[in-house]
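Structure record follows, encoded as structure tokens.
Predicted model only: the values in this text are computed from it and were never measured. Each chain gets a letter, A, B and so on, in the order the sequences are listed, and its residues count up from 1.
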Protein chains: 2
Amino acid sequence: MRQLPERTVERLSQYRRVLLRLLSIKKEYIYSHELASLLHITAVQVRRDIMLIGHTGTLRLGYKIKDLVDLISTIIDTPGKRNLAIVGIGNLGQALINYIASNQDKIIPVAIFDVNEKKIGSTFHGVTCYSMDMMEEIVKKESITIALLTLPPQFAQSTANRLIEAGVKGIMNFTPTLLNLQGAFLEQYDMITSLEKVAYFSKPKFFVS
Amino acid sequence: MRQLPERTVERLSQYRRVLLRLLSIKKEYIYSHELASLLHITAVQVRRDIMLIGHTGTLRLGYKIKDLVDLISTIIDTPGKRNLAIVGIGNLGQALINYIASNQDKIIPVAIFDVNEKKIGSTFHGVTCYSMDMMEEIVKKESITIALLTLPPQFAQSTANRLIEAGVKGIMNFTPTLLNLQGAFLEQYDMITSLEKVAYFSKPKFFVS
DNA sequence: ATTTTTTTGTTAGCTTTATCACAAAATCAA
DNA sequence: TTGATTTTGTGATAAAGCTAACAAAAAAAT
């Protein structure tokens with residue numbers, strides 16, 4: 001199958017989460033418009049996404065939830081698991097590791113790196129924190145392919161370079177540093193930009209020039 | 001001026017941050033291609049954004065940084081400040097309040113709400129935590145127009161409804177609940193979807209069917 | 001049996017966002 | 001002075017993403 005549009009992949013992830021919940025309450029089939037309304041999008045959008053992944057529903061019955069979940073899984077998951085590292089275990093890093101470990105089971109946090117002597121050697125949500133010096137070694141040994149950057153911005157670029165060099169293929173950058181990467185997929189989350197965007201689009205009409 | 005494209009607003013926020021740093025080291029003018037390379041985008045994109053906000057540079061000299069920063073500010077900021085509330089002050093809420101309070105000064109955290117008796121009455125980064133019962137009252141009294149949701153997902157929709165009813169105009173939702181809002185701008189950040197997207201696009205070629 | 005309703009699948013078109021290509025003007029080089 | 005170079009500003013075009021519209025088929029209603 002050809003590489004899917006980014007937005008479709010995002011929605012597939014959301015479809016699956018919603019569908020798993022429905023499966024757990026024994027729902028078997030779902031109509032495009034039902035799924036759409038759960039995500040607050042249109043039914044056509046749902047049907048188009050499902051078409052793109054090559055699944056086909058039953059007329060008048062809708063889509064078989066189990067089959068759809070399985071197909072989405074074979075598409076967006078890697079067979080087996082993916083190992084993940086978190087670099088910088090401050091407040092945000094801790095929030096993320098808890099959240100990730102509790103909310104899905106295909107992407108496994110296996111290592112944490114930090115400079116803080118007090119944190120090195122201790123565990124967070126069962127995952128060991130190592131010194132930054134160990135990064136290359138552990139990334140290779142544990143086959144880590146995804147990394148989260150939650151460290152001070154000035155170290156983001158050099159850390160990203162080291163991670164990619166050691167074999168990481170996907171990076172989520174939570175620092176405001178604008179990274180320049182070669183050979184890895186980058187997902188940037190810039191809190192301040194996001195906040196300023198909300199401020200702009202929610203500006204009282206009053207102030208709009 | 002007509003409402004700007006979402007992407008342009010995001011980039012304006014980033015331009016400003018980069019430009020402020022350059023101003024602080026006494027740089028006066030900047031070329032579109034310089035700014036572009038700092039953000040890892042194209043020079044045309046930069047010029048088009050600047051065109052959209054009605055600014056004009058000097059041929060052969062580039063853009064006057066001070067003027068550009070001022071213009072971006074009049075466009076994306078509200079005159080005066082905006083007050084912000086954080087609902088749910090767990091690990092993530094604490095990470096966000098610290099980050100927001102330290103990294104910009106137009107959007108001010110003025111209230112926190114939580115259900116935890118131990119947290120109510122105490123302060124985080126100088127901001128008081130109130131009981132959830134006080135939400136409507138405080139939102140009105142403090143003229144809060146932006147809210148961050150970092151509470152358990154099952155309470156996200158009802159809390160959002162209450163906030164909007166009380167006057168909030170922009171909501172950043174960090175829970176995986178897909179909200180249905182009327183009368184407020186919504187920015188959703190779904191960590192798991194984002195992570196699954198990175199996993200998909202960084203999947204070893206090997207596995208791509 | 002025929003008509004109406006429901007629901008999928010898909011084409012064509014629309015909107016939004018990004019890029020190409022180039023004119024215009026300022027400066028520099030010869 | 002003339003020609004080359006640099007850099008902005010923008011119309012035209014392309015790419016990505018979304019939606020409208022409708023055919024096809026199954027089921028339900030009459």
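Between A/T56 and C/dG9 there is a side-chain N or O to OP1 or OP2 distance below 4.0 Å. Between B/R7 and the phosphate of C/dT15, there is no side-chain N or O to OP1/OP2 separation shorter than 4.0 Å. Considering only side-chain N and O atoms, B/Q45 lies under 4.0 angstrom from the phosphate OP1 or OP2 of C/dT19.
In this structure, CG of B/L52 is placed 10 Å from P of C/dT17, rounded to the nearest angstrom. If you measure from atom CG of B/L68 to atom C1' of D/dT8, you get 13 Å, rounded to the nearest angstrom. D/dC18 atom P lies 11 Å from atom CD of A/E6, rounded to whole Å. Distance, A/D49 CG to C/dT10 C1': 14 Å, rounded to whole Å. One can place CG of B/L4 at 13 Å from P of C/dT16, the figure rounded to the nearest angstrom.
Interatomic distance, CG of A/L71 versus CD1 of A/I53, reported as 4.0 Å (0.5 Å rounding). Residue A/M172 holds its CE atom at 8.0 Å from CG of A/L96, rounded to the nearest 0.5 Å.
Residues of residues 29-41 of chain A that place a heavy atom closer than 4.0 Å to DNA chain C, in numerical order, are A/Y31, A/S32, A/H33.
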Summarise protein proximity over nucleotides 21-30 of chain D in one line of letters, 5' to 3': B for base, S for sugar-phosphate only, - for none, counting protein heavy atoms closer than 4.0 Å. B---BBSS--
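Listed candidates were C/dG9, C/dA18, D/dG9. Nearest to the side chain of A/M51 is C/dG9.
Judged by distance alone, the side chain of B/E187 and the main-chain N or O of A/L195 form no donor-acceptor pair under 3.5 Å. Between the side chain of A/T78 and the backbone N or O of B/K203 there is no donor-acceptor pair closer than 3.5 Å. A/R11 places no side-chain N or O within donor-acceptor distance of the main-chain N or O of A/D49, the cut-off being under 3.5 Å.
Within a 6.0 Å sphere centred on CD of B/E165, heavy atoms belonging to other residues, nucleotides or ligands number 12 at most.
Annotation: ring-ring contact (aromatic ring centres under 6.0 Å, His included) contacts of B/H33 (sequence neighbours excluded): B/Y31.
Neither side chain, A/R48 nor A/T8, offers a donor N or O lying under 3.5 Å from an acceptor on the other.
Nearer the 5' end of DNA chain D, as judged by each residue's closest nucleotide, is the contact made by B/H55, out of A/R48 and B/H55.
Within the structure, no pair that satisfies the side-chain hydrogen bond (donor to acceptor under 3.5 Å, both in side chains) test touches residues 85-107 of chain B, not counting sequence neighbours. Listed by first and then second residue, the ring-ring contact (aromatic ring centres under 6.0 Å, His included) pairs that reach into residues 143-186 of chain A are A/F185-B/F201, sequence neighbours excluded.
The aromatic rings of B/Y189 and A/Y189 lie parallel to each other, their planes meeting at an angle below 30°, with 60° marking the opposite boundary.
For the helix from C/dA1-D/dT30 to C/dA30-D/dT1, the end axes, each set by the C1' atoms of five terminal pairs, are bent relative to each other by 10° (nearest 10°).
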